[in-house]
Each structure stands twice: as structure tokens, then as C-alpha cells.
Novice: 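Below is the structure I would like to discuss, written out as C-alpha cells.
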Amino acid sequence: MTMLKKWMLLAALGLLAFPAQAADDIRFQKAFPGAPFSEAVEVDGILYLSGQLGNDAALKLPDGMEAQARQVMENIKAAVERRGLTMDRVFKCTVMMQDMKQWGDFNKIYITYFKPDRLPARSAFGSSGLALGALLEVECWAKM
């Protein structure tokens with residue numbers, strides 16, 4: 001049996017592993033120096049944004065759900081725009097809230113960032129605690 005036929009047989013039997021994706025197909029985009037996570041990671045044309053809090057650049061959180069919701073959405077919008085995209089490209093969001101009773105207050109702000117016919121798919125859940133004592137954290141996915 002020739003070497004080529006052996007390789008073909010091994011590949012057909014699934015005994016020869018080939019990497020599914022080269023490491024350079026995944027682009028990691030740091031949040032800020034020293035952060036233990038990437039602000040966003042792009043894989044196969046999908047932008048995965050890390051969860052955003054309603055903090056400003058100094059890590060200060062405003063008081064109240066509506067103020068934090070507005071800042072969270074502004075942070076998401078800015079992260080998306082830094083990659084040359086618009087909020088129209090966001091197709092999935094996950095919402096984590098300290099108190100699910102504030103769902104309505106969050107929604108009042110959230111829906112203003114999307115066109116009525118382009119609301120992302122969304123999941124939400126309550127949390128017993130979020131980073132920096134935030135009331136809210138939102139992560140999103142966008143199509144590049």
C-alpha cells in the first residue's frame with residue numbers, strides 16, 4: 001500500500017486528525033491593559049462581546065437601573081462601532097440582572113437601541129451578584 005493510500009485510509013477512518021481552524025482565524029481584542037478577558041473575540045464572522053456593565057471609563061456605576069441600562073447599552077454600542085458595525089448587526093443578547101423585578105425599567109432603555117423589526121434574540125436571568133456591584137450585565141453577539 002502506498003503512503004498516499006495509507007493517509008487516505010487513516011483520514012477516512014477518522015484516525016488522522018486535522019485542525020478544524022487555524023489559530024489566526026480567531027481574533028482576540030483586549031478590553032483594556034491588564035484586563036483578564038478580551039472585550040471581543042471574532043470567530044468565523046461572528047463578534048462575541050464580553051458582558052458589559054453600566055460603568056464609565058473610571059469604573060464608576062451610576063445609580064439606578066435606568067441609568068445603568070443606558071450606560072450598558074452605550075458601552076455595547078461603542079464596542080460594536082469600534083469594529084465598524086452598527087447595532088443592526090447585533091442578533092443575540094444575554095441579560096443578567098441583580099433583580100428581575102427591574103425587567104421593565106431595563107426594557108424601556110434596551111428597546112431604544114434597536115429598530116422595532118430588528119430586536120435581537122435574547123435570554124435573561126437573575127443573578128445573586130455581578131462584578132463591581134452592578135445591577136445589570138449584558139453580552140451580545142453581532143455579525144461582522
Novice: Look up atom CG in Leu130 and atom CD in Gln98, then write down how far apart they are to the nearest 0.5 Å.
Specialist: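 So the CG of Leu130 and the CD of Gln98 are separated by 7.0 Å.
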Novice: Do Asp99 and Leu135 touch side chain to side chain, with heavy atoms closer than 4.5 Å?
Specialist: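 Side-chain contact under 4.5 Å: no.
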Novice: Quick one, Ile76 and Leu49 - any side-chain contact, counting heavy atoms below 4.5 Å?
Specialist: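 Side-chain contact under 4.5 Å: yes.
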Novice: Under the side chain to side chain contact (heavy atoms under 4.5 Å, CB included) criterion, do Phe91 and Cys140 qualify, and how do the steps go?
Specialist: CA-CA 8 Å; Phe91 66 89; Cys140 296; over 6 Å; no
Novice: Could you give all pairs that pass the ring pair (Phe, Tyr, Trp, His ring centres under 6.0 Å) test and reach residues 115-140, with sequence neighbours left out?
Specialist: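 Every pair satisfying ring pair (Phe, Tyr, Trp, His ring centres under 6.0 Å) with a residue in residues 115-140: there are none.
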Novice: Tyr113: what forms a ring-ring contact (aromatic ring centres under 6.0 Å, His included) with it, not counting sequence neighbours?
Specialist: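 Listed in chain order: nothing, the list is empty.
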Novice: With clusters defined by side-chain heavy atoms of hydrophobic residues (ILVMFWY) lying less than 4.5 Å apart, directly or transitively, does Leu119 cluster with Met97?
Specialist: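 Same cluster.
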Novice: Which pairs with one or both residues in residues 44-85 pass ring pair (Phe, Tyr, Trp, His ring centres under 6.0 Å), sequence neighbours excluded?
Specialist: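 Every pair satisfying ring pair (Phe, Tyr, Trp, His ring centres under 6.0 Å) with a residue in residues 44-85: Tyr48-Trp141.
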Novice: Determine, using the 4.5 Å side-chain heavy-atom cutoff (strictly less than), whether Phe106 and Ile109 are members of one ILVMFWY cluster.
Specialist: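 Same cluster.
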Novice: State, yes or no, whether a side-chain contact exists between Gln68 and Pro62 at a heavy-atom distance under 4.5 Å.
Specialist: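 Answer yes - side chains close enough.
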Novice: Using a 4.5 Å cut-off on heavy atoms from C-beta on, say whether the side chain of Met144 contacts that of Ile46.
Specialist: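 SC-SC contact between Ile46 and Met144 ruled out.
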Novice: Tell me, which pairs form a salt bridge (Lys or Arg N to Asp or Glu O under 4.0 Å) where one or both residues lie in residues 53-75, sequence neighbours left out?
Specialist: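 Found Glu66-Lys108.
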Novice: Does Gln102 have any side-chain hydrogen bond (donor to acceptor under 3.5 Å, both in side chains) partners at least two apart in sequence or in another chain, and if so, which?
Specialist: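 Scan of Gln102 (side-chain hydrogen bond (donor to acceptor under 3.5 Å, both in side chains), adjacent residues dropped) gives none.
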Novice: Just by modelled atom types, is the Ala40 backbone N or O under 3.5 Å from a matching donor or acceptor in the Ser50 side chain?
Specialist: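 Answer holds: no.
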Novice: Under the side-chain hydrogen bond (donor to acceptor under 3.5 Å, both in side chains) test, which residues partner Thr112, sequence neighbours left out?
Specialist: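 Result, side-chain hydrogen bond (donor to acceptor under 3.5 Å, both in side chains) vs Thr112: none returned.
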Novice: Do Arg27 side-chain atoms and Glu42 backbone N/O form a donor-acceptor pair below 3.5 Å?
Specialist: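 Judged by distance alone, no pair lies under 3.5 Å.
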Novice: Is there a continuous path of hydrophobic side-chain contacts, each under 4.5 Å between heavy atoms, that joins Met73 to Leu53?
Specialist: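 Different clusters: Met73 never reaches Leu53 through Ile, Leu, Val, Met, Phe, Trp or Tyr contacts under 4.5 Å.
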Novice: Sequence neighbours left out, what passes side-chain hydrogen bond (donor to acceptor under 3.5 Å, both in side chains) with Asp88? Give chain and number order.
Specialist: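 So Asp88 forms a side-chain hydrogen bond (donor to acceptor under 3.5 Å, both in side chains) with Lys115.
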Novice: What I'd like to find out is whether the side chain of Met65 reaches to under 4.5 Å of the side chain of Leu136, using heavy atoms alone.
Specialist: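 Yes, side chains in contact.
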Novice: If we only count heavy atoms from C-beta on, is the Val90 to Val80 side-chain gap below 4.5 Å?
Specialist: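 The answer is yes; the side chains approach within 4.5 Å.
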Novice: Could you check if a side-chain atom of Leu61 sits within less than 4.5 angstrom of a side-chain atom of Leu132, using non-hydrogen atoms only?
Specialist: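 Answer yes - side chains close enough.
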Novice: Do Met87 and Ile111 share a hydrophobic cluster, counting only Ile, Leu, Val, Met, Phe, Trp and Tyr and linking them when any side-chain heavy atoms are less than 4.5 Å apart?
Specialist: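 The answer is yes; both residues are in one hydrophobic cluster.
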Novice: Name all pairs fulfilling the salt bridge (Lys or Arg N to Asp or Glu O under 4.0 Å) condition that reach into residues 120-144, sequence neighbours left out, sorted by first residue then second.
Specialist: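 Qualifying pairs: none.
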Novice: Report the residues that fulfil side-chain contact (heavy atoms from CB on, under 4.5 Å) with Ala124, sequence neighbours left out, ordered by chain and then residue number.
Specialist: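 With neighbours one apart ignored, the set is Val95, Met100, Trp103.
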Novice: If the condition is salt bridge (charged side-chain N to carboxylate O under 4.0 Å, His left out), which residues does Lys101 pass it with, not counting sequence neighbours?
Specialist: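 Once residues adjacent in sequence are excluded, Lys101 has no partner under the salt bridge (charged side-chain N to carboxylate O under 4.0 Å, His left out) criterion.
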Novice: If a pair satisfies side-chain hydrogen bond (donor to acceptor under 3.5 Å, both in side chains) and one of its residues is in residues 75-85, list it, with sequence neighbours excluded.
Specialist: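 As it turns out, the side-chain hydrogen bond (donor to acceptor under 3.5 Å, both in side chains) pairs with a partner in residues 75-85, which skip direct neighbours, are Gln29-Arg83, Glu39-Arg82, Glu39-Arg83, Gln71-Asn75.
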